[in-house]
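For reference, the structure is listed below as structure tokens.
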Amino acid sequence: MKNNNFFKFFSIVFASFCIFGLAGCGKKVADGSDTHLAIEDGKPVVERYGQLQVLNGTLCNQAGKPVQLRGMSSHGLQWHGKYANQDVIGWLRDDWNCQLWRPAMYLTEGGYIGNKAIKVKVIDSIEACINLGMYVLVDWHVLGNGDPMVHKAQAIEFFTEIAQKYGSYPNIIYELCNEPNGDNVTWEGNIRPYAEDVIKAIRQYDKNNVIVVGTPHWSQYVDKVIANPLQDENVMYTVHFYAGSHGKKNMNIARKALKAGLPVFVTEWGCTKESGDGGVFEKETLAWIKFLEENNISWANWSVNNKGEDSGVLKYNADRNAKGHWAESDLSPAGIFVRKILRNETENK
Ligand code: IDC
């Protein structure tokens, strides 16, 4: 009798292991919608989720089910754009379980405004993501010139071209301005009017792909949007954080926006201090990751580079030929940590 009970107990444990344990790096959800998998049953994420849309303040797939997308951001394309190729992005999909890639096109510091040729790295990224069945977050990386109005004409020209060429692909997500900043750069006076005009340009060619809009103070003050959000069904708002610099205060601002019904997308975060350096803050990062998952907030991590800064996922000088296929010994501490998060291998999963 005793043995029989033991056998029953063992069978239940074993069966549970088969059902839940073998899901591998994915999380099986009862309705089968959001598994956090880059590929499932041989199908890449875009094939499964299709046309994204914003419903009830959150990102949803074509079928209307909430989905959280996760992936990596490039570093500045003018410096480390060589990683924006199909080998690397494909490796990030297959080994890192990334569903999303973000080509970060700086405007200043050697970026697009004085160097239009770097646009090719955005195009390469888009083409690779279409081939790989991944989502691509096209980032107009406002940073040095904190007011997005400064280069509005160029933004309209750029996004019009992208929407015209690629707007029919569900892979595309537009990020209109990475991090507006400066004391005089406000939601009402600068960012909102900028976004209205760029959205109008995009919507001439692309009626429904999701558009993410930056927020004041380096995309930390998303609550400033609450009083006057944009009038477009598929718009979301940016929140950025660096776990070593931004804690409860920033999370509470994001909470306030969520409570008001604003759809939030973390288009960039780092596990270091806001300088992109200063160590890897694992505990603080995991608190944020939990918050993002609980609130179905999609994200991209900063960033793929080998320059030797702590937020870079490659060790100094690793993979100089930008081929992907990284061994663990090619990865920095941030790389090892973020890869684990993406593969759902951290403790708080
Ligand atoms: C940083 C890079 C760093 C580079 C610098 C140039 O990590 O190597 O020298 O840009 O401006 C952001 C920005 C992002 C920053 C990053 C880290 O969006 O461009 O990258 N950061 O400082 N916002 C908060 C932090």
Side-chain angles (χ1 to χ4, degrees), residues 71-84 100-115 118 121-122 125 137-148 150-151 155 173-182 185 191 212-222 237-247 249-251 253-254 264-281 284-285 288 292 298-319 322 331-335 337-338:
M72 289 302 304
S73 175
S74 76
H75 190 268
L77 293 175
Q78 76 274 37
W79 295 305
H80 295 277
K82 66 183 175 188
Y83 296 106
L100 176 76
W101 167 252
R102 176 194 193 229
M105 192 172 77
Y106 277 62
L107 306 186
T108 55
E109 301 179 69
Y112 179 75
I113 298 304
N115 175 17
I118 65 163
K121 300 292 177 191
V122 176
S125 293
L137 189 52
V138 178
D139 167 30
W140 183 257
H141 203 79
V142 169
L143 184 64
N145 262 319
D147 183 356
V150 175
H151 296 119
I173 306 172
Y174 305 91
E175 184 179 358
L176 299 199
C177 43
N178 166 54
E179 293 185 351
N181 62 83
V185 177
I191 308 168
V212 190
V213 182
T215 56
H217 198 74
W218 293 275
S219 287
Q220 293 171 36
Y221 292 174
V222 65
Y237 302 95
T238 309
V239 167
H240 284 178
F241 68 88
Y242 278 72
S245 301
H246 311 122
K249 183 180 153 233
N250 289 59
M251 207 185 274
I253 296 174
V264 168
F265 199 126
V266 172
T267 59
E268 181 187 308
W269 69 269
C271 52
T272 60
K273 290 196 177 284
E274 64 192 333
S275 62
D277 234 322
V280 172
F281 292 77
E284 293 78 0
T285 295
W288 272 102
L292 300 179
S298 298
W299 54 256
N301 173 258
W302 187 263
S303 74
V304 177
N305 75 78
N306 69 353
K307 74 179 264 186
E309 66 182 8
D310 290 336
S311 57
V313 297
L314 292 167
K315 271 189 190 154
Y316 177 66
N317 254 344
D319 192 19
L331 303 181
S332 67
F337 180 51
V338 173

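We count ligands from 1, going down the list as the structure has it; atoms in each ligand are counted the same way.
- Residues passing the side chain to side chain donor-acceptor pair (under 3.5 Å) test with Y237, sequence neighbours excluded: none.
- Residue F241 comes nearest to A243 through the heavy atom pair CD1-N, 3.9 Å, listed as atom of the first residue, atom of the second, then distance.
- Checked against side chain to side chain donor-acceptor pair (under 3.5 Å), N250 has the following partners two or more places apart in sequence or in another chain: Q220.
- Note: H141 and W302 have parallel aromatic rings, judged against thresholds of 30 and 60 degrees for the angle between ring planes.
- The 4.0 Å heavy-atom shell around ligand 1 contains residues H75, W79, Y106, E109, H141, L143, N178, E179, Y242, E268, E274, S275, G276, W302, K307, E309, ordered by chain and number.
- Applying the side chain to side chain donor-acceptor pair (under 3.5 Å) rule to E274 yields the partners H246; only residues at least two apart in sequence or on another chain are considered.
- Heavy-atom minimum distance, K82 versus A322: O-CB, 3.4 Å.
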